[in-house]
Amino acid sequence: MEEREIRLQKLKELKEKGYNPFEYRFDRTHTSIEIKKSFNELEGKEVKVSGRVISERFHGKASFITIRDFTGNLQIYLSINNLGEENYEFFKKFIDTGDFVGVTGTVFKTHTGEITVDAKKLSLLTKSLSPLPEKYHGIKDVEVRYRKRYLDLIANPDVINIFVKRSLIIKTIRDYLNSLGFIEVETPMLQSIPGGATAKPFITFHNALNQNLYLRIAPELYLKRLIVGGFEKVYEINRNFRNEGISTIHNPEFTMLELYLAYADYKEIMVLTENLLSSVVFSINNSYVIKNGEDEINFEPPFKRVSFREIFEEKTKENFDRFRDIGFALDFLKKENIELTRKPTFKNVIDEIFKEKVEKDFLNPTIVYDFPIEMSPLAKKKRDDEKWVERFEIFIKGIEIANAFSELNDPLDQKERFLSEVKEKEKGDEESHYFDSDYIEALEYGMPPTGGLGIGIDRFTMILTDKDSIREVILFPQLRSKEED
RNA sequence: GGGCCGUUAGCUCAGCCGGUAGAGCACCGGCCUUUUAAGCCGGGUGUCGCAGGUUCGAAUCCUGCACGGCUCACCA
């Protein structure tokens, strides 16, 4: 007989005997960790604890079981003397690993020194019908781990810590920004024009409105509308959706922090960003230096700063302006064995070379500032050079973590940039920015000078939890659906 | 989308120069009142990812497909 059927049989018998295998509540007095931390005060006292039975060790007329609650494991001692014959037989007959139980008993320490609850009463709170994964090796099959994250969490307790840490990271960011007077807002996920980034959107349809809507690729244009409306410090931490490839650093839905600060330029945002990142790291990690694989990453501010042009020329050993000659640029690609699958435009070539020759080398947080205007349709031109914009990105361990700029607030300039993006789109560049006339209109009412910032929360969490795949820091990462039988 | 690798019991895995499936844990039965990957005795519970092909015979060889991982491409 299959294990599940055996348990179904027990379930039936329990019901016949008048027990409820799916109880309504249990009033526990302590969690596992509280029992252990307060052992000195609790020794000999009666407590009520509850949790999932994760292992059982039978010794005839006495047994040990280990239960687990969210705070950790706790050993329970069950002896026929203290539990009574009836309750002990009930335990032996009906309690399986995986079940949730409530225990009343006194706290003591075993011969081997383990803090344990000596049970006077044990009751079943929830019957588990499916057997637990193996207790020693856990679940290693990553497909099962992601599809059935609940099993991963049960079998691999360390996984809980990743997500507790993720929660703490986000909380710390919120606390930091709130303390500076930032207001958290929520802007539309469903947008009629997907803007604020260059990416392919998901398209959906609203029946009542009888129109297409797009899942947002960024909240940027809405947050800047709020700056027009009078907000001076706003942020949003929420999901973006991009209909693009999946990889160890890309999930179709991912979490982004975007913030906007009125009257600031990108230099001020630079300082804000390095203070934010480094103080989050310090408060989570108790040190600016974190271990990451074989490497150590040092978040102590100030971060290294290097201009796009400077690092580009250093790595390519060529004058940047020569790449404006597309012939030269393509020769360079050929010489360096870099494949370009996109259209051979200045923007794409530069982007490709940056990715191949520059980006991958950064380990410690590095600020790359002043980008070519062609790559940045929403950023303000440099005050002394129209070919460049006031924008910076922060790279950590070869991964882009942050992107920021002095926000373009000249509606006429913004209109021109949109128009040139539209031209690219008409030429077949699917990732070009959409034209958003309502946003232009908003800018025409006047947006004060503003600095903006985006931080990829998942990627930042990867760095802080020492994980190489974004799927390890997203509870339910996107996988292809499996045909159900 | 390309390349490489993987998919066998509930879990972790072995078996793969073709001969009809195995271990540990889990589970079931028995013994055991301080164990903790408890122990001792007994028990194998399976659509070998799916579909074809080759063969007397396929978990094993071949082809296709599905799902996953890594990687390249794409892309914040």
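Throughout, a chain's letter reflects where its sequence line sits, starting with A, and its residues are numbered from 1. Please read all numbers here as calculations on a predicted model, not as lab measurements.
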Practice problem: Before accepting this row, confirm whether a basic side-chain N of the pair A:E356/A:K360 lies closer than 4.0 Å to the acidic partner's carboxylate O. | Solution: yes

Exercise. State the pairing partner of B:G10; accept Watson-Crick or G-U wobble contacts with both distances under 3.5 Å, and report none otherwise.
Key: B:C25

Practice problem: Pick base, sugar-phosphate or nothing for A:K61, based on heavy-atom distances below 4.0 Å to the nucleic acid. | Solution: base

Quiz item: Rounded to whole angstroms, how far apart are CZ on A:R147 and C1' on B:G49?
Solution: 12 Å

Quiz item: Taking the six-membered ring for Trp, are A:Y369 and A:F405 ring centroids under 6.0 Å apart?
Solution: no

Self-check item: Value in whole Å for how far the C1' atom of B:G39 lies from CZ of A:F64
Solution: 14 Å

Quiz item: Heavy atoms under 4.0 Å, any strand shown: does A:T110 hit a base, just sugar-phosphate, or nothing?
Solution: base

Practice problem: Check if the side chain of A:H250 and the base of B:C75 share a donor-acceptor pair of N or O atoms closer than 3.5 Å. | Solution: yes

Quiz item: Strictly by modelled atom types, are A:Y260 and A:E258 linked by a side-chain donor-acceptor pair under 3.5 Å?
Solution: yes

Quiz item: Looking at A:F476, is A:R149 sitting on its ring face, NZ or CZ under 6.0 Å from the six-membered ring centre and within 45 degrees of the normal?
Solution: no

Practice problem: May I ask which nucleotide in the shown strands pairs with B:U55, Watson-Crick or G-U wobble, both distances under 3.5 Å? | Solution: none

Quiz item: Rounded to the Å, how far apart are A:I6 CD1 and B:A26 P?
Solution: 15 Å

Quiz item: Taking a pair as Watson-Crick or G-U wobble with both distances under 3.5 Å, which nucleotide is matched to B:C17?
Solution: none

Quiz item: Think A:K10 has a side-chain N or O under 4.0 angstrom from the OP1 or OP2 of B:C28?
Solution: yes

Exercise. Answer yes or no as to whether B:U34 has its base stacked against A:H111, where stacking requires a ring-centre separation under 5.5 angstrom and planes under 30 degrees apart.
Key: yes

Self-check item: NZ or CZ of A:R225 within 45° of A:Y222 ring axis and under 6.0 Å
Solution: yes

I'd like a table of atom pairs between the protein and nucleotides 69-71 of chain B - only N or O on both sides, under 3.5 Å - with the distance next to each one.
unit_1	atom_1	unit_2	atom_2	d
B:G69	OP1	A:R471	NE	3.1
B:C70	OP1	A:R471	NH1	3.4
B:C70	OP2	A:R471	NH1	2.9

Quiz item: Between A:S63 and A:Y88, does any side-chain donor sit less than 3.5 Å from a side-chain acceptor?
Solution: yes

